[in-house]
Amino acid sequence: MLIVEQVLNGLQLGVMLFLLAAGLTLVLGIMNLINLAHGSLYMIGAFVAASVAGWTGSFVLGLLAALPAAALVGMAIEVVALRRLYARDHLDQVLATFGLILFFNELVSIVWGPRALFLDTPRWLSGAVEILPGLPYPAYRLAVLAVGLAVAVFLAWLVRRTRLGMLIRAGATNREMVAALGVNIRLLYTLVFGLGAMLAGLAGVMAGPIYAVEVGMGEHILILTFVVIVIGGIGSIRGALAGALLVGLVDTLGRAFLPTLFGAAMGPAAASGVGASLASMAIYIVMAAVLALRPRGLFPVHG
Amino acid sequence: MNKRLIALAVGMVLATSPAAAAQAVKIGMITTLSGGGSALGIDIRDGFQLAVDQGGGKLGGVAVELIVEDDARKPAKATDIAQRMLNRDKVDIMTGIVWSNLAIAVVPKVTRAGVFYISPNAGPSLLAGKGCHPNYFNVAWQNDNLHEAMGQYLTDKGYDNVYLLAPNYPAGKDALNGFKRFYKGGIAGEVYTKLGQKDYAAEIAALRAAKPDGVFFFLPGGMGISFLKQYDQAGLTRQIPVFGPAFSFDQTILAAVGEAALGVINTSQWSKDLDNPANKAFVAGFKAAYGRLPSLYASQGYDAARLIGAALAATGGNVADKDAFRDALRAAGFESVRGKFRFGPNHHPIQDIYVRQVVKEDGVLTNKVIGKAFTDHADAYAALCKM
C-alpha cells in the first residue's frame, strides 16, 4: 500500500520535472543553447499565477494569465539577449544566462517583494481521493499527473505530426539548409523558445500550490532538470519524459525506503545519516550509470 | 624643542579627540538582501534602521553611520565585504548576518581584528562554546534554544511518540539534538531531508505510516512552506498536529502557507503581543514605518540596535576604549522588546522562551502567546566557553 503511494509520488514528481525538462531539452537540442534562466521562467509563471489568483480568487484565471506571461517574457529575452549567443561558446551562454537568473531574481523581488507568495489549490482539487480502499491521495497531485501526461501527448503530436514540428526537426538537423529553403529560422527559434518558456511557466503554476512560491525557487529544480535531460538524451522529448519519470521515481523511492533499509542493517541513528545521504545521491548515481552505458542518454537524437 | 613638539602633538591629539567623538560611530551591517531568504535580512535591516530613525539618526544619543551591504547568502561574498568594512571603512561595530555558515566564516575575522560583532540572528554552537570571543555578542538566541523549548513543551504535554524532521546539514542536526535534550518521550521516526528539498510526498507518506502522535520539524524558509502545504493537502493537518520553532511560523512566512498553519503551536523568544512598553513602541513604529507586521527577525535587528545604543550611551560614544565598551555591552542596559534580557558568561542571552499559537487577526495570520516553555533559559554551550 505504501509502495503504491510512493510510486505515485515518484511519478508525480517526475511529471513535474518533465514539464520543465521538455522546454529545456527543445532549446538545448534544437537551438544548441544552454539556458540556465529556464528556472526564472518557472518562477515568473508561479508569481504571475499567484498574484492573479490572489486578486481574482481563481486558480484557473491565474493559470491562464501565467502561460502567456511566461511565453512573452521568454520570447522577449530570446529576441533581446539570447539571439546573440547561438553562435557563441557554451561557456558564454552559461555566463549570460546566469546573469539573467540574477536579473530576474532581483526584478521579482522589486515587483513582488522578498516575501514568499501564497498560491492555494483550486477548491475543487483540494481534497483527497481514495484511489484504493484505505489509500487517500491528494487530488491536486493527481491533476498534476494528468496535466503532465497531456502535455507529453501534445508535444509528441506537435513534433511528429505538424508542419511546425517538421520545421523544428529540420532546423535541428541543418539550420542553414532550412533557412535557404525560405523558412524564417529566426522566427522559428523565437517560437520554440516561447513554447519552452510557456511549459516552464506551466510547471511553475502547477508547482505553486505544492511548493513555496519564492524568489530563487527555480534554481534547485533546474539542477534536477539538467540531470533529467542528460539522462534522457539532449533534444529528445521522449527522453525527457523517460528521464523525468526515472529521476522522479529514483529520488522518491530512495528517500522513502533507503533509510528504512539501512535502519534494518545498522541501527536507526547511523542509518538516518547514511540513508539520507545515499538517497540524496541516488539520482546522480543513476545518471552516472546511464552515461557509462549510453553516453548520449537513453534516447539519443540521431544526427 | 623636541619636548615642545611632542607637547604640541599631544595638544593637537587632545584637541581633535572631542571632534573624533562627535564623528559618527560606524556600524557595518552584512545581511541577505537578495535572492532566496532575503525576507529575513530585509527585516533585520528594517528593524535596525527603525531604532536609528527613532533616535533621529542616533543610537543612545550618539550619531551613527550605518553601512549596509548584501551578502546574497554566500559565505565568500560575506567575507569579502567584512574585509572591506574592516580595512577601508574602518567600522567600529559589525552586525547583520542571518545564516550560521556565514557567521562562522565572518565573525572570527571581525573579532580578531578587535572590532565588536553583535549577532542579530545566527547563533551556531561553535561561537557559543569553544569558539566564543570577548568581542562577540549574540542578541537573539543560541541556535538550539527554540528547539529545546519545543522539546520541553511536548514533554510537559505528555507526547510520547513524536516524528522528527530536519534538513541534513549542521543546523538541522543541532535542531534535533536541541529538541532531544529536553524531550523525554518516544521517537516514532527521525528523518533528515535534503537541504533545499521541495517535495516531501515520500516523507509524508512514511510519516503517516509510522502513526506518530505529533510531528516536530525544523525546515527554515521555503522548505517549511512547501512541507506545510503538502502536509495539509495530504489531509494530515487535522489528524496529527505539527510543532516547530518560530522560524516556520513567522510573519515572513505565514501568508505564504495560508490556512494550513492555523492553530499550530510554535516556540519563540519574542511575539508581537508581548505586553511591555518597548515592544508596543516597536510594533506600532514598525507598522507605521513599513506598512507591515514585524517579524521575529525585525525584533532581533531592533534589539541589536538598541543594545548598541545602550552601550554607546553608557560610554558617551567612545568605542575606542574597548574594555569599557565591552563592559557596557555586557550590562545590556536596554529595554528588550521581549521583556527580561541579560547575557550569560558566553555573551549569549539568558531569556524566557514562549509558546505561541498561529491565529487569525483581522483576516491576517499571526501569532499569539499562549504560555511559557522556559524561564531564564541559558544555552548548553556556556561551560565550553573560556574567555
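Naming: A, B, ... by sequence-line order, numbering from 1 per chain.
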Side chains of A/Tyr211 and B/Asp199 in contact at under 4.5 Å (non-hydrogen atoms): yes
Atom group of A/Glu219 that falls short of 4.5 Å from chain B, counting heavy atoms: neither
Portion of A/Met217 that has a non-hydrogen atom of chain B nearer than 4.5 angstrom: both
B/Lys229 side chain vs A/Gly208 backbone, donor-acceptor pair below 3.5 Å: yes
Which atoms of B/Leu236 approach chain A - backbone, side chain, both or neither, heavy atom under 4.5 Å: neither
Other residues, nucleotides, ligands: >12 heavy atoms within 6.0 Å of A/Tyr284 OH: yes
Closest approach of A/Pro114 to B/Ser38 (non-hydrogen atoms, all atoms of both residues): CB-OG, 3.4 Å
Per-residue contact mode, A/Leu2 against chain B (heavy atom under 4.5 angstrom): side chain
B/Lys184 atom NZ, neighbour heavy-atom count above 12 within 6.0 Å: yes
More than 12 heavy atoms from other groups under 6.0 Å of CD1 on A/Ile3: no
Heavy-atom pairs under 4.5 Å with chain A, option from B/Thr252, B/Asp43, B/Val257 with the top count: B/Thr252
Donor-acceptor pair between A/Arg141 and B/Gln230 side chains, under 3.5 angstrom: yes
Considering all heavy atoms, the nearest A/Gln6-B/Ala201 contact: OE1-O, 4.0 Å
Ionic contact status for A/Arg115 with B/Asp250, cut-off 4.0 Å: no
Contact class of A/Ser109 relative to chain B, heavy atoms under 4.5 angstrom: neither
Which portion of B/Ile42 sits near chain A, non-hydrogen atoms under 4.5 angstrom: side chain
Closest non-hydrogen atom pair between B/Gly222 and A/Glu214, with its separation: CA-OE2, 3.4 Å
Contact summary for B/Ala202 and A/Asn9, nearest pair of heavy atoms: N-ND2, 4.0 Å
Nearest non-hydrogen partners of B/Ser226 and A/Ala212, listed with the distance: OG-N, 3.0 Å
Note, B/Gln233 side chain near A/Ser126 side chain (heavy atom, < 4.5 Å): no
Interchain contact, B/Ala255 with chain A, by part (heavy-atom threshold 4.5 Å): backbone
